[in-house]
Amino acid sequence: MSETNRPKARKPKGFRDSFASQSMERQEMIATICDVYSKFGFELLETSCIEYVDALGKFLPDQDQPDAGVFAMKDDLDDQWLALRYDLTAPLARVVAEFGDDLPTPFRRYQHGPVWRREIKPSKDRFREFFQCDFDTVGCETMAADAEVCLVLSEAMRALGIDEFVVRVNNRKVLNGLMASLEITEPAVRLGILRTLDKLDDIRIEGVKQQLGPGRKDKSGSWNEGLHLPYSSINRVVEFLQCKMPTRRETCDAFLEFAAGSPDGVEGVNELKSIEQYLEVSDIAQEFVTFDPSLVRGLEYYTGPVFEIELPFEVKVKGKPKKFGSVAGGGRYDYLVERFTGKKVPATGASIGVDRLLAALSLLQKTKSEASLGPVVVTMMDKEQGLEYQKIVNELRDAGIRSELYLGDRKFKAQMKYADKRNSPVVVIAGSNEFEDGTVTLKNMFLGKALSQEVEDNQAWRKGQPAQSTVKREDLVQSVTDIINQVDLVTQNNQA
RNA sequence: CCUGCUGUAGCUCAAUUGGUAGAGCGCUGGAUUGUGGAUCCAGAGGUUGUGGGUUCGAGACCCACCGGUAGGACCA
């Protein structure tokens with residue numbers, strides 16, 4: 001291949017490679033979350049990554065652009081458009097529609113895995129492939145299920161060691177009630193108002209007023225044209241946002257004034273009240289679950305209660321404090337399955353964004369050990385004796401010790417560097433001396449590192465080699481085990 | 001997609017008003033025929049994002065494109 005034709009080693013924007021420690025961290029987080037889901041009775045489901053575009057729903061792609069927002073391709077087999085799933089809820093709806101007769105009702109499942117969105121502008125915390133942990137109850141009307149969503153989310157946070165979080169809850173019907181009381185029917189305007197509510201946290205009440213009225217300049221200085229609502233309507237929206245009270249009950253009462261004229265709105269408030277009753281018997285403190293008028297959630301398919309977990313602590317982004325924000329979202333969607341079957345199948349659930357949470361944990365410094373302990377490395381001093389080294393590794397592995405033979409082609413010094421890079425606890429050294437005496441030399445890499453801090457004279461530490469010992473060949477396994485146990489103790493103490 | 005900032009070695013960054021492209025870290029080798037982490041020495045590594053322009057001369061100035069980044073739109 002000519003030089004100019006060589007492919008460039010690079011990965012597509014918005015995608016990531018995860019090496020050992022990061023991957024393990026994610027796996028552990030997923031396991032912790034899924035344990036909670038399982039404890040609440042949800043069962044594991046795995047579905048295919050690729051779905052028919054029409055099954056995924058009309059929410060992202062449309063007729064003219066089947067690949068808008070999703071990674072789509074046309075299948076040669078049947079000339080149909082396929083796409084990578086963009087969440088785990090739409091595939092669930094398909095599964096329920098396809099296999100519903102054989103499934104228990106209600107159907108309670110959890111699912112974790114990557115989802116894909118063709119973001120226009122991928123960035124540091126906005127990926128085109130990311131991981132979600134979903135749980136849903138399909139086929140239930142009762143608000144007990146929606147209250148349960150709050151319980152599950154709270155418990156998942158606690159299981160992860162996070163005790164500063166808020167599950168925000170609102171109800172789409174309450175928002176509909178607000179729209180009715182404003183006598184706004186035009187979908188574009190309704191959408192504009194909802195978007196503006198959602199931005200409350202960012203743009204504050206002043207920004208909301210401007211956005212609903214003439215418009216506003218954002219932080220970057222660009223002009224955002226406003227909705228030009230009449231003054232009375234703006235006032236009403238502002239009053240609605242002020243419904244947020246110290247307790248959930250009070251918030252419900254405040255909502256009621258805005259919903260009074262609208263059957264939909266009243267129903268929404270009653271649903272929230274019902275959720276509140278379940279929360280009360282479950283001893284969920286006001287600070288952990290709040291009813292919040294400014295919560296909207298984007299997805300079109302939500303029809304009732306909507307949820308979001310917010311991490312309220314501030315992080316410094318380039319010196320500026322900023323709320324960490326949302327790490328999970330969900331809600332009730334009563335029509336997703338109906339799209340397939342024509343039968344109304346109400347469902348509710350939520351999804352935790354694993355990657356956002358990982359980022360949060362690393363900011364809270366709650367992530368586990370940076371680098372995990374590597375394998376024991378058996379160095380190859382003398383290549384003629386290659387089979388003897390293999391026997392050593394075999395013994396270690398038979399004893400259940402994670403170990404490997406150095407398989408590179410470099411000098412001894414480089415082998416030590418390799419072991420260091422692998423974060424190896426013990427290096428096994430054997431050359432002509434050891435083979436003649438029937439011994440092996442073991443080096444405690446962690447002790448060696450600690451001792452090296454104090455040594456100043458190069459000659460001294462090279463000759464001394466304090467962190468290593470020569471033991472009888474028969475004692476290999478026992479001695480290696482002893483050193484690993486020591487290292488384990490030390491690293492645990494350092495972490496604590 | 002809009003706006004601003006930015007692009008120099010693998011990484012972090014230097015380079016007076018336009019005047020010979022440098023350092024630290026990392027990497028490789030050596031001092032030490034068998035020892036990672038201390039110290040010293042040496043080496044490799046660049047068409048300064050790409051293309052055009054101004055100039056005797058451009059890493060620097062101008063234009064276009066491409067990439068990164070911050071904010072916004074959109075999305076969650």
Side-chain angles (χ1 to χ4, degrees), chain A residues 8-10 13 59-60 68-70 86-87 89 115 117-128 130 132 191-192 195 198-199 202-203 207 211 216-225 295-302 306-310 317-320 322 325-331 350-353 355-356 374 377 379-382 385 406 410-435 441-468 470:
Chain A
K8 197 172 173 189
R10 73 219 153 117
K13 260 164 279 168
F59 306 105
L60 281 175
V70 298
Y86 61 82
D87 72 6
T89 311
V115 300
R117 288 180 198 171
R118 234 176 45 167
E119 296 286 351
I120 299 160
K121 181 187 159 190
S123 67
K124 199 164 58 181
D125 41 28
R126 194 145 161 209
F127 305 105
R128 308 218 283 186
F130 54 97
Q132 292 191 331
L191 198 60
R195 280 178 187 153
D198 206 30
K199 284 187 174 47
D202 261 351
I203 66 180
Q211 188 66 47
R216 56 175 252 279
K217 266 192 184 171
D218 60 38
K219 277 182 254 173
S220 73
S222 347
W223 178 253
N224 290 282
E225 191 57 37
L295 176 66
V296 176
R297 301 293 309 168
L299 284 177
E300 289 292 316
Y301 53 65
Y302 292 131
V306 285
F307 314 98
E308 180 172 295
I309 301 181
E310 180 184 300
V317 182
K318 309 237 161 178
K320 288 179 189 171
K322 201 180 171 182
S326 161
V327 293
S351 180
I352 295 181
D355 301 276
R356 294 279 301 150
V377 172
T379 55
M380 287 257 264
M381 187 89 77
D382 181 359
Q385 301 282 351
Y406 176 76
R410 315 270 310 277
K411 288 185 182 171
F412 187 64
K413 182 167 179 157
Q415 301 188 25
M416 293 300 290
K417 278 195 174 188
Y418 170 80
D420 190 39
K421 235 176 200 169
R422 292 297 308 275
N423 205 27
S424 174
V426 181
V427 169
V428 178
I429 302 167
S432 52
N433 298 343
E434 285 82 359
F435 286 124
T441 296
L442 305 177
K443 177 153 193 164
N444 180 333
M445 295 295 278
F446 282 54
L447 185 57
K449 187 178 261 178
L451 291 175
S452 73
Q453 308 286 326
E454 296 154 19
V455 178
E456 279 162 30
D457 178 28
N458 182 39
Q459 301 296 326
W461 71 263
R462 285 179 67 84
K463 279 185 188 155
Q465 290 306 344
Q468 65 190 52
T470 300

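Values in this document were obtained by computation on a predicted structure and should not be read as measured data. Naming: A, B, ... by sequence-line order, numbering from 1 per chain.
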For A:T470, which residues count as a side chain to side chain donor-acceptor pair (under 3.5 Å) partner, sequence neighbours excluded?
A:T441
Who are the side chain to side chain donor-acceptor pair (under 3.5 Å) partners of A:R126, not counting sequence neighbours?
A:E119
With sequence neighbours excluded, tell me which residues meet side chain to side chain donor-acceptor pair (under 3.5 Å) with A:Q211.
A:R216
Interatomic distance at C1', B:A21 relative to B:A9, whole Å:
11 Å
Matching residue for A:M380 among A:Q415, A:Q385, A:R410 - test: side-chain contact (heavy atoms from CB on, under 4.5 Å)
A:Q415
Spacing between A:M445 atom CE and B:G36 atom C1', to the nearest angstrom:
5 Å
Value in whole Å for how far the P atom of B:A76 lies from CG of A:D355:
18 Å
Side chain A:N433 and base B:G34 donor-acceptor under 3.5 Å:
yes
Span that lies between the P atom of B:G45 and that of B:U28, in whole angstrom:
16 Å
Nearest-nucleotide check on RNA chain B, A:R126 vs A:T441; residue mapping nearer the 5' end is A:T441
Would you compute the distance between atom CZ of A:R118 and atom CZ of A:R128 and round it to the nearest 0.5 angstrom?
7.5 Å
Paired stretches of RNA chain B - 3 or more consecutive Watson-Crick or G-U pairs, each distance under 3.5 Å
B:1-7 with B:66-72, B:10-13 with B:22-25, B:27-31 with B:39-43, B:49-53 with B:61-65
In whole Å, what separates the P atom of B:U16 from that of B:U6?
16 Å
A:I120 CD1 - B:C2 P separation (whole Å)
11 Å
Let me know the distance between CZ of A:F435 and C1' of B:G34, rounded to the nearest Å.
12 Å
For atom CD1 of A:I429 and atom C1' of B:U33, their distance in whole Å:
16 Å
Would you kindly give the OH-to-C1' distance between A:Y86 and B:A76, to the nearest whole Å?
12 Å
Roughly, in whole Å, what's the span from CD in A:E308 to P in B:A76?
12 Å
Measuring to OP1 and OP2 of B:C74, would you say a side-chain N or O of A:K199 lies under 4.0 angstrom away?
yes
By ring-ring contact (aromatic ring centres under 6.0 Å, His included), A:Y418 pairs with (sequence neighbours left out) A:Y406
Sidechain-backbone polar pair: A:R356 side chain, A:A328 backbone, donor-acceptor under 3.5 Å:
no
Separation between OH (A:Y301) and OG1 (A:T89), nearest 0.5 Å, reads 4.0 Å
Earlier contact from the 5' end, RNA chain B, for A:Q132 and A:K121:
A:K121
Check: B:G34 base within 3.5 Å donor-acceptor of A:E434 side chain
yes
Is the phosphate of B:G36, meaning OP1 or OP2, less than 4.0 Å from a side-chain N or O of A:K421?
no
Under 4.0 Å: is that the gap between some side-chain N or O of A:K417 and OP1 or OP2 of B:U28?
yes
Using the P atoms only, state how far B:G26 lies from B:A64, rounded to an integer number of Å.
42 Å
Value in whole Å for how far the C1' atom of B:C75 lies from CZ of A:F130
10 Å
With distance as the sole criterion, do the side chain of A:K413 and the base of B:U35 form a donor-acceptor contact below 3.5 Å?
no
If you only use heavy atoms from C-beta on, which nucleotide in B:G67, B:U35, B:G34 is closest to the side chain of A:S432?
B:G34
When you measure from the side-chain N and O atoms of A:R195 to the phosphate of B:C75, is any distance below 4.0 Å, counting only OP1 and OP2?
yes
Is there a side-chain contact between A:K411 and the phosphate of B:G30, meaning an N or O under 4.0 Å from OP1 or OP2?
yes
So, using side chain to side chain donor-acceptor pair (under 3.5 Å) as the criterion, who are the partners of A:S326 when residues are at least two apart?
none
Is there a donor N/O on one and an acceptor N/O on the other, under 3.5 Å, for the side chain of A:Q468 and the base of B:U35?
yes
C1' spacing across the pair B:C61 / B:U54, given as an integer number of angstrom:
8 Å
Checking all strands, does A:R410 fall into the base, sugar-phosphate, or nothing category for heavy-atom contacts under 4.0 angstrom?
sugar-phosphate
Any A:R118 side-chain nitrogen or oxygen under 4.0 Å from OP1 or OP2 of B:C75:
no
